[in-house]
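Before any comments, here is the structure.
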Amino acid sequence: MSDVAAGRRARGGGAARRAERTAVSLDTAKFISRNIPNFEILNDEALQIIEWNAETVLEEIGVNFLENPGALALWKAAGADVRGERVHIPRGLARKLCATAPRSFTQHARNAERNVEIGGRNLVLAPVYGPPFVRDREGGRRYATMADFKNFVKLGYMSKWLHHSGGTVCEPTDVAVNKRHLDMLHAHMTLSDKPFMGSVTEPVRAADSVEMSKLLFGADFVDQNVVMTSLININSPLTFDSTMMGALEVYAKAGQAAIISPFIVGGAMAPVTVAGTLTQVLAEVLAGVAYSQLVRPGAPVIFGAFVTSIDMNSGAPTFGTPEAAHITYGAGQLARRLGLPYRSGGSFCGSKLPDAQAAYETANSLNMALLAGVNFMLHACGWLEGGLVSSYEKFVMDADQLGTLHHLAQGVMMDENGQGMDAIREVGPGGHYLGCAHTQANFKSAFWRSDLLDYKPFETWDEEGARDTETLAAERVKKMLGDYQQPALDEGIRESLDDYVARKKAAEPDAFI
């Protein structure tokens, strides 16, 4: 529902406004375009030191490309010093190779109105990725199923502030490991019309992702456009395994986007210091992005940084910490200097429940990512228990709060309406602004308002059952899933997808390892 249409209905009086509030909304906000500055924590000298040190790591220490003779051959031909499976990259070579990667790109959705621009001043929000468990208020913590996966895709489709359907929103453990990617892709393609991510758990699954995308978009369109983003994790420290690199090779050859992302828990997989961790992050990203350009110059890639700290007493990862913020801010500066889109941030928390700990840590993480200049934020909603759990209630709690990022990013409006001088003149000393013309003209859009949180007086809140936020979120989950309407899809395309999945699943026995 557009703002213009909403305004027309509002003029119909109270009944129209009540209908507007209760109508099923399939409105999706456009990806965020920042009108606020990035927060830059490092000065030029610090950035130059980190960049020099990262090149030193690549040249002197090197990186491992395991069980991948093709990658070793490409590196050797490019001028690297290959010793066994260790690749030593001469100073300047990786950065030179990275120069062919685009600074920004469009990821197309099957509904062109949902296309996203990744890079520049933009921020694209995508849901949680990868948890093997799910949690809801009624069922508690349990292994995820394909039914859960479909529910999360539906919730993502229905969430106004979420721009992207994501990828493995939970790991459906009731489907064979070698076949579940087919069902997951099918769900993203048919239950939502937002952009989505491809499979990376084996190169053949990446190839299936490309083939199914060709059925959805058309082979010629996929050959010429980005229709998928995929997550390629580096085995920190400094190790590139054949599974992830094999998937990267498939996507790069097909011209599809990949997030090249170290997976670092500071103190375990990288030094305990911020500068040391940033050095390793940059070295790993340089090597990964450079390799993608060896496979296909111009292949779209995103500079990824998934970094958190560690609790030195328990060894558990911690989230929303100052050190993680320092690294996220610094990595954003490094990504911009390299000329690449930047992925980081999310609704990170270590809490077991969608409680105050989860809210504090998540708020810190989300706001940090906005200010860091992140272009693609995976895990923007639904993350719980250090990424082990996709939470239904937290999904909608986070998705609601993503609206604050949109409004913060708008900055301060300084046009004639924003200055508000007409209102100040009209009201004068001792008056109030509730009834003035400026307020009446702007009241619907003046302040962001949560669709979930309770703003009622105590007496009303108490009479309605004194519901806490998790209770409100559980009710919202039920309403959203009840209101869900599947987006239209050409029947011929649907049948071709159904047939592809059925044939591929019938071609081999189930495997659960």
(message) Has Glu117 got a side-chain atom pairing as donor or acceptor with Asn122's backbone, closer than 3.5 angstrom?
(response) no

(request) Determine whether Arg141 and Leu388 make a side-chain contact, defined as any pair of heavy atoms from C-beta on separated by less than 4.5 Å. (result) yes

(request) State whether a side-chain donor-acceptor pair under 3.5 Å links Arg180 with Thr168. (result) no

(message) With a 3.5 Å distance limit and no angle check, can you tell me whether His88 reaches the backbone of Asp81 through a side-chain donor-acceptor pair?
(response) no

(request) Would you kindly say whether Glu284 and Ser236 are connected by a side-chain donor-acceptor distance under 3.5 Å? (result) yes

(request) May I ask you to test the Glu59-Ile89 pair for a side-chain heavy-atom distance under 4.5 Å? (result) no

(message) Does Trp52 form a side-chain contact (heavy atoms from CB on, under 4.5 Å) with Ile49? I'd like the steps, not just the answer.
(response) CA-CA 5 Å; Trp52 177 269; Ile49 289 171; 5.8 Å; no

(message) Could you tell me if Asp400 and Ser450 have a donor-acceptor pair between their side chains, going purely by distance under 3.5 Å?
(response) yes

(request) Could you tell me whether Gln224 atom CD has more than 12 heavy atoms of other residues or ligands within 6.0 Å of it? (result) no

(request) With side-chain hydrogen bond (donor to acceptor under 3.5 Å, both in side chains) as the test, would you mind laying out the steps for Asn38 and Gln333 before giving the verdict? (result) CA-CA 9 Å; Asn38 298 319; Gln333 291 179 261; over 6 Å; no

(message) Taking atom CZ as the centre, does Phe447 end up with more than 12 heavy-atom neighbours from other residues, nucleotides or ligands that are less than 6.0 angstrom away?
(response) no

(message) One thing to verify: whether Asp148 and Lys150 come together as a salt bridge, which I'm taking to mean a side-chain N less than 4.0 angstrom from a carboxylate O.
(response) no

(request) Determine whether the aromatic ring centres of Phe395 and Phe152 lie less than 6.0 Å apart. (result) yes

(message) Quick check on the 6.0 Å ring-centre criterion: do His188 and Phe149 meet it?
(response) yes

(message) Is any side-chain heavy atom of Asn367 closer than 4.5 Å to one of Leu405?
(response) yes

(request) Please answer whether the main-chain N or O of Asn225 pairs with a side-chain N or O of Gln256 as donor and acceptor at a distance below 3.5 Å. (result) yes

(request) Mark yes or no for whether His163, through its side chain, and Leu125, through its backbone, hold a donor-acceptor pair below 3.5 Å. (result) yes

(message) Between Gln293 and Ala299 (side chain of the first, backbone of the second, donor and acceptor by atom type, cut-off under 3.5 Å), is there such a pair?
(response) yes

(request) Kindly say whether Gly120 contributes a backbone atom to a donor-acceptor pair with the side chain of Asn375 at under 3.5 angstrom? (result) yes

(request) State, yes or no, whether a side-chain contact exists between Thr328 and Tyr342 at a heavy-atom distance under 4.5 Å. (result) yes

(message) Between Arg336 and Glu40 (salt bridge meaning N to carboxylate O under 4.0 Å), is one present in this structure?
(response) yes

(request) Measure the shortest side-chain to side-chain distance between Arg337 and Glu51 over non-hydrogen atoms and say whether it is less than 4.5 angstrom. (result) yes

(request) Please report the shortest heavy-atom distance between Ala94 and Leu58, naming the atom on each side. (result) CB-CD1, 4.0 Å

(request) Report the C-alpha separation of Phe240 and Ile234 in whole Å, then their side-chain angles, then the decisive distance to 0.1 Å, and conclude whether the side-chain contact (heavy atoms from CB on, under 4.5 Å) test is met. (result) CA-CA 6 Å; Phe240 296 77; Ile234 298 164; 3.6 Å; yes

(request) Indicate yes or no for a side-chain donor-acceptor contact from Ser365 to the backbone of Ser347 under 3.5 Å, with no hydrogens or angles considered. (result) no

(message) Counting neighbours of CZ on Arg91 that are heavy atoms of other residues, nucleotides or ligands and sit closer than 6.0 Å, is the number greater than 12?
(response) yes

(request) Using only heavy-atom distances, determine whether the side chains of Gln107 and Thr229 contain a donor-acceptor pair under 3.5 Å. (result) yes

(request) Test side-chain contact (heavy atoms from CB on, under 4.5 Å) on Phe263 and Asn235 and set out the steps. (result) CA-CA 7 Å; Phe263 188 95; Asn235 283 348; over 6 Å; no

(request) In plain terms, say whether Glu113 and Lys30 are close enough for a salt bridge, that is, a side-chain N and a carboxylate O under 4.0 Å apart. (result) no

(message) Which residue is it: Ser209, Ser292, Ser230? I am looking for the one with a side-chain hydrogen bond (donor to acceptor under 3.5 Å, both in side chains) to Tyr251.
(response) Ser209

(message) Could you check whether Phe306 and Phe348 have their ring centres less than 6.0 Å apart?
(response) yes

(message) Under 4.0 Å between a side-chain nitrogen and a carboxylate oxygen: does that hold for Arg114 and Asp193?
(response) yes

(request) Taking the six-membered ring for Trp and the single ring otherwise, decide whether the centroids of His164 and Phe376 are under 6.0 Å apart. (result) yes

(request) Write down the atom of Ile41, the atom of His326, and the distance for their closest heavy-atom approach. (result) CD1-CD2, 3.1 Å

(request) Taking the six-membered ring for Trp and the full ring for Phe, Tyr or His, determine whether the centres of His108 and Phe221 are under 6.0 Å apart. (result) yes

(message) Could you check whether any side-chain heavy atom of Ile302 comes within less than 4.5 Å of a side-chain heavy atom of Ile260, counting everything from C-beta outward?
(response) no

(message) When you measure from the side chain of Thr404 to the backbone of Leu402, do you find a donor-acceptor pair of N or O atoms at a distance under 3.5 Å?
(response) no

(message) Using every non-hydrogen atom in the two residues, find where Asn178 and Ala511 come nearest and quote the distance to one decimal.
(response) OD1-N, 3.0 Å

(request) In plain terms, say whether Glu393 and Arg135 are close enough for a salt bridge, that is, a side-chain N and a carboxylate O under 4.0 Å apart. (result) no

(message) Between Trp383 and Cys349 (side chain of the first, backbone of the second, donor and acceptor by atom type, cut-off under 3.5 Å), is there such a pair?
(response) yes

(request) Verify whether the ring centers belonging to Phe133 and Tyr143 lie closer than 6.0 Å. (result) yes

(message) Less than 4.5 Å apart, side chain to side chain, heavy atoms only: is that true for Met228 and Met197?
(response) no

(request) Please test Thr277 against Thr279 for side-chain contact (heavy atoms from CB on, under 4.5 Å), starting from the C-alpha separation and ending with a verdict. (result) CA-CA 5 Å; Thr277 296; Thr279 295; over 6 Å; no

(request) Would you kindly say whether Ser309 and Thr321 are connected by a side-chain donor-acceptor distance under 3.5 Å? (result) yes

(request) Check whether more than 12 heavy atoms from other residues, nucleotides or ligands sit under 6.0 Å from atom CD of Glu67, and answer yes or no. (result) no

(request) Would you check if Cys98 and Leu286 make a side-chain contact, meaning some heavy-atom pair closer than 4.5 Å? (result) yes

(message) Please give me the minimum heavy-atom distance between Val169 and Ser390, naming the atom from each residue.
(response) O-OG, 2.6 Å

(request) Indicate yes or no: does Asp136 engage Arg142 in a salt bridge with an N to O separation below 4.0 Å. (result) yes

(message) Donor-acceptor pair, distance only, cut-off 3.5 Å: does the side chain of Thr173 make one with the backbone of Ala144?
(response) yes

(message) As a quick check of understanding, evaluate side-chain hydrogen bond (donor to acceptor under 3.5 Å, both in side chains) for Lys394 and Ser351, giving each step before the final call.
(response) CA-CA 11 Å; Lys394 190 163 184 291; Ser351 180; over 6 Å; no

(request) Return the minimal non-hydrogen interatomic distance between Leu162 and Ala380, and the atom names on each side. (result) CD1-CB, 4.5 Å

